[in-house]
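Small disclaimer: the values here were computed from a predicted structure and weren't measured.
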Amino acid sequence: MAGEVPSPLPAAAAAALLSSPVPSVSLAAASPSSSMATAAGNSRLAFHPAPDDAETPYPLPADLKESDRLRVQHEAIKHAFSGRIFHTPQHALFEAAGATILDVGCGPGIWTREFATTFPNCQVIGIDMNTTFFGFIDMPENVKLVHHNVFEKLPFPDNTFDLVFQRALAMAVPKAMMTGLVQELKRVTKPGGYIQLVEPYMKVIRCGPLAKKIINWGGIVGSHFALNFRELYKVLKSEVLSRRDITSEEYDQLVEDSMTEYATYKTYGNWFYAFGQVPG
């Protein structure tokens, strides 16, 4: 193990990664310059029901507008990490032919496509529970998108992938299942391959009073960055209204006013990545 976790990933994700039998875990936090205007994600939102439910609905719209929002989020995270979309020491491998990559919870495949385009000799598979997203983005020939719920065993043999990448799923996975999910990621990773997790720290920093009226409705409602705020709050409007004594018109005005407040208070949150190598 490379060291202790300095409170970056949500506790369940960090504990699962560090407690699983994957040695040489490295953790790198965003530098101060990587802080971004944000409202972090809410663990109380029903991102996924219990795994024995018949269905696992996506809590946000699986439409083109949501795909566009996720694209903005992807670019913001990439910019915060100095343009890097992965951090494992595998660049030479990816430039050679034959490397296989898995993107877990790929959504519309924004990261999937960028990686596959950057490294055309790699074969990249993205899995997601919601196929409505598939088709919003044109994919290169070295990408395959697969419908799958991560609460179930991954549909791949042992030792399949050189890199398994997962981003922004800690909020969606119940704490009790996180260790099992990381073990599944390890199972499908080749000996000597890597697992990388990327997650936001679940705390908003310098949150102003207007934003708190939204955020404190039962935890923290959103995640990600300034360009995501308005659309994300629109999506979460009905849920917030059901939990707070506020009218629809008041909520709309509150969202607009909070946009200015974020700049005044310099509200931000942090994203972190962690990667571990499978022994081999």
Side-chain angles (χ1 to χ4, degrees), residues 2-3 5-11 13-14 17 25-43 47 60 66-91 94 101 103-119 124 126 137 163-172 194-208 211 215 220-233 258-259 261-276:
V5 180
S7 74
L9 295 173
L17 182 61
V25 172
S26 300
L27 186 103
S31 64
S33 62
S34 296
S35 297
M36 298 159 261
T38 182
N42 176 16
S43 59
F47 277 83
L60 300 176
E66 174 65 3
S67 179
D68 289 341
R69 186 189 70 80
L70 291 172
R71 188 192 304 273
V72 171
Q73 173 185 293
H74 169 79
E75 293 299 328
I77 296 171
K78 183 175 71 170
H79 176 75
F81 289 131
S82 303
R84 300 181 66 179
I85 61 173
F86 71 96
H87 301 84
T88 60
Q90 298 173 285
H91 197 277
F94 297 152
I101 317 300
D103 183 5
V104 179
C106 66
I110 297 165
W111 184 93
T112 322
R113 184 184 189 281
E114 178 158 349
F115 190 99
T117 303
T118 304
F119 300 102
V124 187
I137 300 174
L163 171 65
V164 175
F165 178 86
Q166 178 179 295
R167 184 170 69 189
L169 282 191
M171 293 178 293
Y194 285 84
I195 300 166
Q196 177 168 325
L197 308 181
V198 182
E199 297 290 346
Y201 182 43
M202 301 304 198
K203 183 177 181 180
V204 179
I205 303 171
R206 298 177 187 157
C207 183
I215 292 171
I220 303 172
V221 296
S223 61
H224 323 318
F225 322 97
L227 291 178
N228 281 312
F229 280 156
R230 189 173 283 106
E231 293 304 317
L232 192 57
Y233 284 162
S258 68
M259 297 298 105
E261 183 185 77
Y262 293 141
T264 301
Y265 281 79
K266 295 181 172 60
T267 302
Y268 71 94
N270 290 315
W271 284 72
F272 298 84
Y273 65 84
F275 62 84

Please report the closest heavy-atom contact between [X] and [Y], naming both atoms and the distance.
{"X": "T112", "Y": "C106", "answer": "OG1-CB, 3.5 Å"}
{"X": "I110", "Y": "S67", "answer": "CD1-O, 3.6 Å"}
{"X": "A116", "Y": "V124", "answer": "CB-CG2, 3.8 Å"}
{"X": "P108", "Y": "L70", "answer": "CD-CD1, 3.6 Å"}

Exercise for the section: Would you please indicate if the ring centroids of F275 and H87 are separated by under 6.0 Å? Expected result: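 Ring centres of H87 and F275 not closer than 6.0 Å.
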Problem - Centroid-centroid under 6.0 Å between F86 and F119 rings - result: yes
Interatomic spacing from [atom1] in [X] to [atom2] in [Y] - rounded to 0.5 Å:
{"X": "R113", "Y": "T118", "atom1": "CZ", "atom2": "OG1", "answer": "9.5 Å"}
{"X": "R71", "Y": "E114", "atom1": "CZ", "atom2": "CD", "answer": "10.0 Å"}
{"X": "H79", "Y": "R84", "atom1": "NE2", "atom2": "CZ", "answer": "15.5 Å"}

Do [X] and [Y] have side chains that get closer than 4.5 Å, going by heavy atoms?
{"X": "F115", "Y": "I85", "answer": "yes"}
{"X": "N270", "Y": "P200", "answer": "no"}
{"X": "W271", "Y": "R167", "answer": "yes"}
{"X": "H74", "Y": "R69", "answer": "no"}

Problem - side chain to side chain contact (heavy atoms under 4.5 Å, CB included) evaluation trace for D103 with Q166 - result: CA-CA 6 Å; D103 183 5; Q166 178 179 295; over 6 Å; no
Handout entry: Exam field: side chain E199 to backbone Y273, donor-acceptor pair closer than 3.5 Å
Key =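 It does not hold such a pair.
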Practice task
Please determine which of W111, F94, Y194 meets the ring-ring contact (aromatic ring centres under 6.0 Å, His included) test together with F165.
Solution key: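 Option passing the ring-ring contact (aromatic ring centres under 6.0 Å, His included) with F165: W111.
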